[in-house]
S.K.: 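Got a structure for you, written out below as structure tokens; questions coming shortly.
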2 protein chains.
Amino acid sequence: MTMPEQPYNVYEDRCPTRLVLDRLADKWALLILDRLRGGPLRFNHIRREIKGISQKVLSQTLRKQERDGLITRTIFPTVPVTVEYALTPLGRTLTETVSALTHWAEKNMDAILAAQRTYDERDAS
Amino acid sequence: MTMPEQPYNVYEDRCPTRLVLDRLADKWALLILDRLRGGPLRFNHIRREIKGISQKVLSQTLRKQERDGLITRTIFPTVPVTVEYALTPLGRTLTETVSALTHWAEKNMDAILAAQRTYDERDAS
DNA sequence: CGGTATCCCAGGCGATACTG
DNA sequence: CAGTATCGCCTGGGATACCG
């Protein structure tokens with residue numbers, strides 16, 4: 001039985017950087033929020049839109065975003081049941097803020113790829 | 001020998017969202033960039049500033065950021081050797097863009113925590 | 001000081017099967 | 001349709017030891 005004396009809690013001081021990272025920093029969270037910008041979507045619709053995501057991870061991610069108040073989950077008592085996911089106002093402000101980052105990426109993607117090539121060539125010499 | 005027929009490559013179309021996420025979305029990358037905003041720092045200085053990061057991961061992350069052209073690594077031939085890390089202009093524009101997200105987080109942290117409490121209480125009922 | 005090399009383990013994720 | 005449950009692999013990262 002190990003007692004690793006209190007691993008450093010990265011959330012101490014309620015660090016905003018950590019908070020936002022925890023909402024966005026996985027393979028799929030951002031992609032989901034982005035897809036919802038156009039309006040509510042159903043579970044399997046999102047799943048089809050985002051190729052490669054598994055049912056399990058989609059479910060987990062949606063649940064987490066619902067808990068954070070970023071999206072809503074609405075059940076329609078049709079047969080079979082229909083479930084719609086939609087951005088909340090809070091979630092929408094987040095996607096708008098994130099778009100600044102996306103624009104940065106579009107603008108600087110080539111610079112990064114070029115830097116990588118330079119680095120890798122220097123490394124090969 | 002399995003051949004999992006081409007797992008979906010999330011980078012297809014050079015997706016900017018994925019690109020930026022790959023630079024920022026680990027526990028430490030953002031924290032490092034943020035620490036460098038005040039000027040160049042040495043390896044162990046960064047390590048002391050960012051409590052909890054291991055030598056290995058710090059090294060890996062710095063290497064990756066250098067490769068991406070976000071930071072520079074300068075070796076001074078002192079004894080023992082001194083190494084300084086500093087933001088490049090590209091890296092600096094990234095930190096500036098990221099600050100929009102940080103401000104969002106500061107502004108909405110309480111809303112998220114409140115949403116979580118609501119969700120958890122409803123769940124407990 | 002500023003790393004690299006090695007070992008090792010937890011947990012994240014995909015795959016699969018099942019359900020209301 | 002919209003999930004949950006279970007299993008098992010794999011890899012990211014901590015711990016430790018060593019090096020120029």
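Note that the structure is predicted; figures quoted are calculated from it, not measured. Order of the sequence lines sets the chain letters (A, B, ...), proteins ahead of strands, with each chain counted from 1.
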S.K.: Show every side-chain hydrogen bond (donor to acceptor under 3.5 Å, both in side chains) that has at least one partner inside residues 38-47 of chain A, sequence neighbours left out.
M.R.: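 Listed by first then second residue: nothing to list.
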
S.K.: Taking the minimum atom-to-atom distance to the side chain of A:Val57, which one of C:dG14, D:dG13, D:dC1 wins?
M.R.: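 For the A:Val57 side chain, the nearest candidate turns out to be C:dG14.
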
S.K.: How long is the line joining NE2 of B:His45 and C1' of C:dG3, in whole Å?
M.R.: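 Atom NE2 in B:His45 sits about 18 Å away from atom C1' in C:dG3.
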
S.K.: Counting only N and O atoms by type, is there a donor-acceptor contact under 3.5 Å from the side chain of A:Asp68 to the main-chain atoms of A:Leu70?
M.R.: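 The answer is no, because no donor-acceptor pair under 3.5 Å joins these two groups.
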
S.K.: Give the nucleotide from the list D:dG20, D:dG14, C:dG20 with an atom nearest to the side chain of A:Val81.
M.R.: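 Of the options given, the side chain of A:Val81 lies nearest C:dG20.
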
S.K.: In whole angstrom, what separates A:Leu58's CG from D:dC1's C1'?
M.R.: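 Value for this atom pair: 13 Å.
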
S.K.: How would you list all residue pairs meeting salt bridge (charged side-chain N to carboxylate O under 4.0 Å, His left out) that involve residues 71-92 of chain B, not counting sequence neighbours?
M.R.: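 Passing the test, one end in residues 71-92 of chain B: no pairs.
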
S.K.: Using nucleotides 3-8 of chain D, report all nitrogen or oxygen pairs with the protein that are shorter than 3.5 Å.
M.R.:
unit_1 : atom_1 : unit_2  : atom_2 : d
D:dG3  : OP1    : A:Arg73 : NE     : 3.2
D:dG3  : OP1    : A:Arg73 : NH2    : 2.5
D:dG3  : OP1    : A:Tyr85 : OH     : 3.4
D:dG3  : OP2    : A:Tyr85 : OH     : 2.6
D:dG3  : O3'    : A:Arg63 : NH2    : 3.4
D:dG3  : N7     : A:Gln55 : OE1    : 3.4
D:dG3  : N7     : A:Gln55 : NE2    : 2.5
D:dT4  : OP1    : A:Arg63 : NH2    : 2.8
D:dT4  : OP2    : A:Ser59 : OG     : 2.7

S.K.: Calculate the interatomic distance between A:Ile53 atom CD1 and C:dG12 atom P; express it in whole Å.
M.R.: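 Rounding to the nearest Å, CD1 of A:Ile53 and P of C:dG12 are 16 Å apart.
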
S.K.: For B:Arg42 and C:dG2, is the shortest distance between a side-chain N/O and OP1 or OP2 below 4.0 Å?
M.R.: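 Answer yes for this pair, as a side-chain N or O of B:Arg42 is under 4.0 Å from OP1 or OP2.
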
S.K.: Could you check whether B:Arg47 gets within reach of a base, just the sugar-phosphate, or nothing at all, counting any heavy atom under 4.0 Å?
M.R.: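 No contact.
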
S.K.: Do side-chain atoms of A:Thr88 reach the backbone of A:Gly91 as a donor and acceptor pair under 3.5 angstrom?
M.R.: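 Yes: the side chain of A:Thr88 pairs with the backbone of A:Gly91.
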
S.K.: By nearest heavy atom, map A:Thr82 and B:Asp26 onto DNA chain D; which one lands nearer the 5' end?
M.R.: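 Nearest-nucleotide comparison on DNA chain D picks A:Thr82.
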
S.K.: In chain order, what residues pass the side chain to side chain donor-acceptor pair (under 3.5 Å) check against A:Thr93, with sequence neighbours excluded?
M.R.: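 With neighbours one apart ignored, the set is B:Trp104.
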
S.K.: For A:Glu49, give me all partners under side chain to side chain donor-acceptor pair (under 3.5 Å), at least two apart in sequence or on another chain.
M.R.: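 Scan of A:Glu49 (side chain to side chain donor-acceptor pair (under 3.5 Å), adjacent residues dropped) gives A:Arg35.
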
S.K.: Quickly work out the B:Asp22 CG to D:dG12 P distance and round it to whole Å.
M.R.: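 B:Asp22 atom CG is separated from D:dG12 atom P by 11 Å.
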
S.K.: Salt bridge (Lys or Arg N to Asp or Glu O under 4.0 Å) with A:Asp34: which residues, sequence neighbours excluded?
M.R.: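 So A:Asp34 forms a salt bridge (Lys or Arg N to Asp or Glu O under 4.0 Å) with A:Arg37.
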
S.K.: Whole angstroms only, please: what is the CD1-P distance between A:Ile50 and D:dA2?
M.R.: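 Interatomic distance, CD1 of A:Ile50 to P of D:dA2: 14 Å.
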
S.K.: Identify, between A:Pro80 and B:Pro80, the residue whose nearest nucleotide on DNA chain C lies closer to the 5' end.
M.R.: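 The residue mapped nearer the 5' terminus is B:Pro80.
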
S.K.: C:dG2 C1' sits how many Å from B:Leu41 CG, rounded?
M.R.: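 Checked: the CG to C1' distance equals 15 Å.
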
S.K.: Side chains of residues 58-66 of chain B: which donor-acceptor pairs under 3.5 Å do they make with residues two or more places apart or in other chains?
M.R.:
unit_1  : atom_1 : unit_2  : atom_2 : d
B:Thr61 : OG1    : B:Val57 : O      : 2.7
B:Lys64 : NZ     : B:Asp22 : O      : 2.7
B:Gln65 : NE2    : B:Ala29 : O      : 3.3

S.K.: When the distance from CZ of B:Phe76 to C1' of C:dC1 is rounded to whole Å, what number comes out?
M.R.: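 Those two atoms, CZ and C1', are 14 Å apart.
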
S.K.: Between the opening five pairs and the closing five pairs of the helix from C:dC1-D:dG20 to C:dG20-D:dC1, how far apart are the helix axes, to 10°?
M.R.: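 That helix gives 50° between its end axes.
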
S.K.: Please report the distance, rounded to the nearest Å, between CD in B:Glu66 and P in C:dG2.
M.R.: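 Between P of C:dG2 and CD of B:Glu66: 15 Å.
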
S.K.: List in chain and number order the residues that pass side chain to side chain donor-acceptor pair (under 3.5 Å) with A:Thr82, two or more places apart in sequence or in another chain; answer none if no residue qualifies.
M.R.: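 Once residues adjacent in sequence are excluded, the partners of A:Thr82 under the side chain to side chain donor-acceptor pair (under 3.5 Å) criterion are A:Thr78.
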
